[in-house]
Amino acid sequence: MAQIEIVSKSLPAVRLAARGAVVAEQPEVAGVVGPLFDAVGDILTSAGVRLDQPIAQYEMTEDGLHILAGYAISSDAPDGLDAVDLPSVPVAICGVHLGSMERIGESWQAIHAEMIARGFSPSGPCREVYVRAVSDDQQDWVTELQQPVERA
């Protein structure tokens, strides 16, 4: 399991210009998230909107894993994108994953183990905030993992 520093904190509300997709299984995520971000980024830059903080939200539904990928905005979303308001969260268990997405599952396992150890259970969809996600090889990526929680 990954060795990461894990903290609990509140999460602010954030509005995204986003698109969503549903996948049946976890291995499909990697092939969907990148293209979603690319499509959203293309529309935003074409509309003259600066690409601020990229955020993905993941929620298991009866249809499969719902993925929402977008960029933080402070206004309405341009045509072709949905404006999605992620609510503030009173308590979330969070940690920072460094490097490639290939090993992000290990960091999520550490988050969930710590969540249980602290007496919490998930209370909403998890988020990934891409603090730095520039290089193609992902070696210098910094991703904050955020799991909203409540007392178990």
Side-chain angles (χ1 to χ4, degrees), residues 1-41 43-44 49-78 80-133 138 141-152:
M1 194 173 316
Q3 297 294 319
I4 61 173
E5 181 180 356
I6 297 173
V7 300
S8 64
K9 67 179 188 177
S10 62
L11 303 177
V14 62
R15 173 171 271 202
L16 300 179
R19 280 199 174 161
V22 177
V23 298
E25 297 187 14
Q26 184 66 31
E28 298 173 66
V29 172
V32 172
V33 172
L36 279 175
F37 274 114
D38 290 344
V40 172
I43 292 170
L44 288 173
V49 178
R50 192 173 120 227
L51 297 182
D52 281 330
Q53 190 67 67
I55 299 173
Q57 178 179 267
Y58 300 92
E59 181 175 25
M60 187 54 77
T61 68
E62 56 189 43
D63 296 326
L65 181 63
H66 184 266
I67 302 166
L68 183 69
Y71 290 86
I73 57 171
S74 58
S75 61
D76 292 330
L81 298 177
D82 296 319
V84 179
D85 292 311
L86 303 183
S88 63
V89 174
V91 181
I93 300 294
C94 305
V96 175
H97 172 77
L98 301 174
S100 173
M101 295 294 105
E102 287 180 2
R103 300 187 68 120
I104 201 166
E106 295 172 22
S107 294
W108 273 115
Q109 287 175 353
I111 295 279
H112 284 277
E114 187 65 22
M115 174 189 67
I116 292 166
R118 293 185 187 191
F120 289 107
S121 61
S123 66
C126 64
R127 302 176 188 176
E128 292 180 356
V129 177
Y130 304 97
V131 178
R132 183 175 61 223
Q138 301 179 351
W141 281 28
V142 177
T143 308
E144 182 174 339
L145 312 179
Q146 303 174 337
Q147 177 59 66
V149 296
E150 61 189 4
R151 285 281 170 204

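Model, not experiment: these values are computed from the prediction. In what follows, residues are counted from 1 in the order of the sequence shown.
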Sub-4.5 Å side-chain heavy-atom contact between Gln57 and Ile55: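 Sidechains of Ile55 and Gln57: no contact.
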Contact check, side chains of His97 and Glu106, non-hydrogen atoms, under 4.5 Å: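 They are not in side-chain contact.
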So, for [X] and [Y], which heavy atoms are closest and what is the spacing to 0.1 Å?
X: Gly41; Y: Leu51; value: CA-CD2, 3.8 Å
X: Tyr130; Y: Ala56; value: OH-CB, 3.6 Å
X: Ala77; Y: Ala83; value: CB-N, 3.7 Å
X: Pro54; Y: Phe37; value: CB-CE2, 3.7 Å

Straight-line distance of [X] [atom1] to [Y] [atom2], nearest 0.5 Å:
X: Glu59; Y: Leu68; atom1: CD; atom2: CG; result: 10.0 Å
X: Ile116; Y: Ile111; atom1: CD1; atom2: CD1; result: 12.0 Å
X: Arg15; Y: Ser74; atom1: CZ; atom2: OG; result: 9.5 Å
X: Leu44; Y: Ile73; atom1: CG; atom2: CD1; result: 7.0 Å
X: Ile93; Y: Cys126; atom1: CD1; atom2: SG; result: 13.5 Å

Steps toward side-chain contact (heavy atoms from CB on, under 4.5 Å) verdict (Ile4, Val96): CA-CA 7 Å; Ile4 61 173; Val96 175; over 6 Å; no
Exam field: side chain Arg19 to backbone Gly80, donor-acceptor pair closer than 3.5 Å: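 Between the backbone of Gly80 and the side chain of Arg19 there is a qualifying donor-acceptor contact (under 3.5 Å).
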Main-chain N/O of Ala72 paired with Gln53 side-chain donor or acceptor, under 3.5 Å: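 It does not hold such a pair.
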Using atom types as modelled, flag every donor-acceptor pair under 3.5 Å from a side chain in residues 21-34 to any protein atom, sequence neighbours excluded.
from	atom 1	to	atom 2	distance (Å)
Glu28	OE2	Ala24	N	3.2
Glu28	OE2	Glu25	N	2.8

Leu11/Cys94 under side-chain contact (heavy atoms from CB on, under 4.5 Å): CA gap, chis, key distance, verdict: CA-CA 10 Å; Leu11 303 177; Cys94 305; 4.1 Å; yes
Evaluation steps, side-chain contact (heavy atoms from CB on, under 4.5 Å), between Tyr71 and Val49: CA-CA 10 Å; Tyr71 290 86; Val49 178; over 6 Å; no
Trace of the side-chain contact (heavy atoms from CB on, under 4.5 Å) decision for Leu16 with Val40: CA-CA 10 Å; Leu16 300 179; Val40 172; over 6 Å; no
For residues 144-152, tabulate all N or O donor-acceptor pairs below 3.5 Å that involve a side-chain atom, not counting sequence neighbours.
from	atom 1	to	atom 2	distance (Å)
Glu144	OE1	Lys9	NZ	3.4
Glu144	OE2	Lys9	NZ	2.7
Glu144	OE2	Gln146	NE2	3.3
Gln147	NE2	Gly124	O	2.9
Arg151	NH1	Arg118	O	2.6

